[in-house]
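Sequential numbering from 1 along the given sequence is applied to the chain's residues. Note that these values count all heavy atoms, side chains included, but never hydrogens, waters or copies made by symmetry.
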Amino acid sequence: MLVLDVGNTKSLLCRIAGEVTELGQWAATESPEQIAASVKYLVDAESENLVVVSVVPQQSEAIKDVLPEAQFVDYSCKLPFKHDIENITETGADRLCNMAAVAGLGWDKALVIDAGTATTFDIMIDGVFVGGLIAPGMSTAARALTACTAQLPEVRLDKCELAVGKNSETAIRAGAYHTGIHGIMGTAWALTTKYGDLPVVLTGGLSDMLEEVRLDAKIGGKWLQDKWWTLRGAAVLASINKGDK
């Protein structure tokens, strides 16, 4: 099965067949038409059906134009879990896929933290998706700081030592990384304290940073880091909605 994950920062095409193999990756700075053409070329070469999970409507339309048989997974699918969401139509397809991946493992509870352009915290309890939190992603917050101030320079988000910065650049880099990482880990602690002993899944482009911090801090419990989690959930939804578009 080929799965295309269309996000706000990048699009990622993978084959899922037990193991996950990355076939292509495109930055959001490329036009939707360019990305769609590249995806079509690879899908045609692989001669497999395409499943799409997208949070970018313009990119979704471009994919539909060149690959009308692609199967999109979103709120309209049959879901392998119940939910207590006021308006499920407003819930991102990526968040639903993250919950579907929980159900696909046979779990009835979990906290899934997806750290990317946005950071989302979504919770399932007793087989019910009860809701979540949405916050700016770490890189997004760092860019916003530069965009909303007159004199602060733009910096790259990287792991760095916890130490006071001696200039604006090092202070911003340390502030962005440490408040981001520890803010996410602190929120995870608060949510698992409030909602009980939940397995915690780390996914998204920045999940490697979170897992490294967790291991360094020797945080125990049932934690799983899987950067392919959303794609696995898309595959779960596609399988139970086979034949539906």
Side-chain angles (χ1 to χ4, degrees), residues 3-14 20-32 34-35 38-39 53-56 58-59 92 94-95 97-98 111-122 132-190 200-219 223-231:
V3 180
L4 177 67
D5 184 2
V6 180
N8 289 295
T9 300
K10 66 181 180 182
S11 295
L12 183 65
L13 178 67
C14 293
V20 179
T21 304
E22 182 177 329
L23 301 177
Q25 185 177 138
W26 301 270
T29 51
E30 297 185 55
S31 75
Q34 288 174 322
I35 296 173
S38 297
V39 170
V53 50
S54 174
V55 296
V56 184
Q58 188 176 6
Q59 187 64 65
D94 53 345
R95 298 175 64 198
C97 287
N98 286 340
L111 165 63
V112 180
I113 301 173
D114 193 338
T117 307
T119 301
T120 59
F121 304 79
D122 287 311
L133 310 178
I134 303 175
M138 292 190 288
S139 295
T140 303
R143 289 194 299 270
L145 179 64
T146 301
C148 295
T149 57
Q151 293 183 298
L152 296 181
E154 184 173 350
V155 300
R156 178 181 174 83
L157 182 70
D158 285 312
K159 180 181 178 181
C160 60
E161 179 185 0
L162 179 58
V164 294
K166 298 299 185 181
N167 54 55
S168 293
E169 182 176 339
T170 57
I172 294 171
R173 181 174 291 111
Y177 175 77
H178 288 284
T179 61
I181 287 288
H182 296 296
I184 291 172
M185 298 303 283
T187 302
W189 171 82
V200 181
V201 178
L202 301 175
T203 192
L206 300 177
S207 60
D208 288 342
M209 287 184 177
L210 296 169
E211 176 67 358
E212 190 170 347
V213 168
R214 184 189 75 81
L215 292 174
D216 287 346
K218 297 181 172 58
I219 298 173
W223 288 66
L224 171 65
Q225 191 255 334
D226 183 355
K227 65 179 180 179
W228 309 120
W229 188 261
T230 306
L231 284 84

In Å, rounded to the nearest 0.5 Å, how long is the span from [atom1] of [X] to [atom2] of [Y]?
| X | Y | atom1 | atom2 | result |
| --- | --- | --- | --- | --- |
| M209 | D158 | CE | CG | 5.5 Å |
| T203 | Q225 | OG1 | CD | 7.5 Å |
| K159 | H178 | NZ | NE2 | 9.0 Å |
| T119 | L133 | OG1 | CG | 10.5 Å |
| C160 | I172 | SG | CD1 | 12.0 Å |
| E22 | W228 | CD | CH2 | 5.0 Å |

Check: [Y] and [X] side chains under 4.5 Å, non-hydrogen atoms:
| X | Y | value |
| --- | --- | --- |
| V53 | L231 | no |
| W229 | D114 | no |
| D208 | E211 | no |
| Q34 | W26 | no |
| F121 | I184 | yes |
| L215 | W223 | no |

Inspect the surroundings of CD in Q58 and state if more than 12 heavy atoms from other residues, nucleotides or ligands are less than 6.0 Å away.
-> no
Closest contact, heavy atoms only, [X] versus [Y]:
| X | Y | answer |
| --- | --- | --- |
| R95 | D122 | NH2-OD1, 2.6 Å |
| L157 | S139 | CD2-OG, 3.4 Å |
| A115 | L210 | CB-CD1, 3.8 Å |
| N8 | A28 | O-CB, 3.3 Å |
| C14 | L12 | SG-CG, 3.8 Å |
| I219 | R214 | O-NH1, 2.8 Å |

With a 3.5 Å cut-off and no angle check, do the side chains of T230 and N98 form a donor-acceptor pair?
-> yes
